[in-house]
Amino acid sequence: MKILDTRTGTLFVGARERLFKRAAELMEESGRERRTFSIALTGGSTPKAFYKWAVDGDHIPGAARTRAVWTVSDERMVPLDDGESNFGNADRMLLTPLGVEERQKFPWPVDVDVHSAAAVFNRRWTDRFGGESGFDLCFLGMGDDGHTASIFPGSPLLEWDAEENFTCVNVPEKGWRLTVTATGLSRCRRIAVMVTGENKSEVLREVIEGDNPERYPAHILSRFRERTIWLVDEAAASALSGI
Ligand code: 6PG
């Protein structure tokens, strides 16, 4: 695996399975640092492939199965049994097959209105972990347009320094989403961004080597570069300098 040190974090570039293995190692490392630790998963096709790999090959470390509290870094306002629910997919494809207990599951409350959902999630998080703490291990993806979590191009969340870790946001053409804020990201102990596929290569170059978070929001991770790890397959990395 190739390792690149960049202004936007450390990049691990390799075949998809090597990246997945690194993701499982990050879970193990987080479990060594703290007895109870939080892992936020995310949505998209790459996490689904990761869940399948992890369950089929029994790759998730014991600490994560038994001691982690599991949630997602962003969520859609749909019931958990909807195929669009990020937590629902993680639960069906990873947590339930692993035998993770209900008390370890920390989904966003999607059964109330969206503003209440964000407020309730902030409150539950603060009660359980303290308002000044973020996820121990936060997984993110990057969309074709450079968005990460539910921070999309031109998003008010790029300018707004929220006090709170989590919020709701109305995304044009997609509707309301729930998401970790930049403040919430700044409080995470470690951030891991999985990016796969050739269709991401040009945008990834803009995110990693450019300087335009308004247009390519994932660039905000450069603020936390020392804690951000990019897990990138060779196709997605193909437009980067140094590859
Ligand atoms: C979501 C995710 C989103 C995702 C990217 C990457 O809820 O859809 O938060 O940001 O991570 O779109 O998705 P892929 O894994 O499909 O590339």
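FYI, side chains are in, hydrogens and waters are out, and symmetry mates aren't considered; it's all heavy atoms of this structure. Every number for a ligand or one of its atoms is a count from 1 in the order of the listing.
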Enumerated ligand 1 atoms positioned under 4.0 Å from heavy atoms of [X]:
X	answer
Thr42	2 (C), 9 (O), 11 (O)
Asn86	1 (C), 7 (O)
Gly141	11 (O)
His147	3 (C), 10 (O), 12 (O)

Heavy-atom side-chain proximity of [X] to [Y] below 4.5 angstrom:
X	Y	result
Pro47	Leu41	no
Phe152	Arg177	yes
Leu231	Ile229	yes

Can you tell me which portion of [X] lies within the under-4.0 Å heavy-atom range of ligand 1? Options are side chain, backbone, both, or neither.
X	value
Ala149	backbone
Thr46	both
Met194	neither
Leu140	neither

Task: Ser45-ligand 1 polar pair, N/O distance under 3.5 Å - done: yes
Open item on the list: Using a 3.5 Å cut-off on N or O atoms only, is Lys200 in polar contact with ligand 1?
Closed with: yes
Check whether any side-chain N or O of [X] sits under 3.5 Å from a backbone N or O of [Y] as a donor-acceptor pair, and report yes or no.
X	Y	result
Glu209	Ser241	yes
Asn86	Asp74	yes
Ser201	Ser238	no
Ser133	Phe129	yes
Thr183	Ala162	yes

Open item on the list: Among all the protein's non-hydrogen atoms, which is closest to atom 6 (C) of ligand 1, and how far away is it?
Closed with: Met142 O, 3.4 Å
- [ ] Could you check atom 8 (O) of ligand 1 against the protein and tell me its nearest heavy-atom contact, residue, atom and distance included?
- [x] Arg76 NH2, 2.5 Å
Open item on the list: If the contact criterion is a heavy-atom separation under 4.0 Å, does Thr148 count as touching ligand 1?
Closed with: no
Task: Shared hydrophobic cluster for Trp176 and Val120 (ILVMFWY, side-chain gaps under 4.5 Å) - done: no
Open item on the list: As a test of understanding, state which of Thr42, Val110, Val180 forms a side chain to side chain contact (heavy atoms under 4.5 Å, CB included) with Glu75.
Closed with: Val110
Task: Heavy-atom nearest option to atom 5 (C) of ligand 1, drawn from Gly143, Gly197, Ser150 - done: Gly143
- [ ] Compare Gly43, Gly44, Pro47 and give the one whose heavy atom is closest to atom 11 (O) of ligand 1.
- [x] Gly43
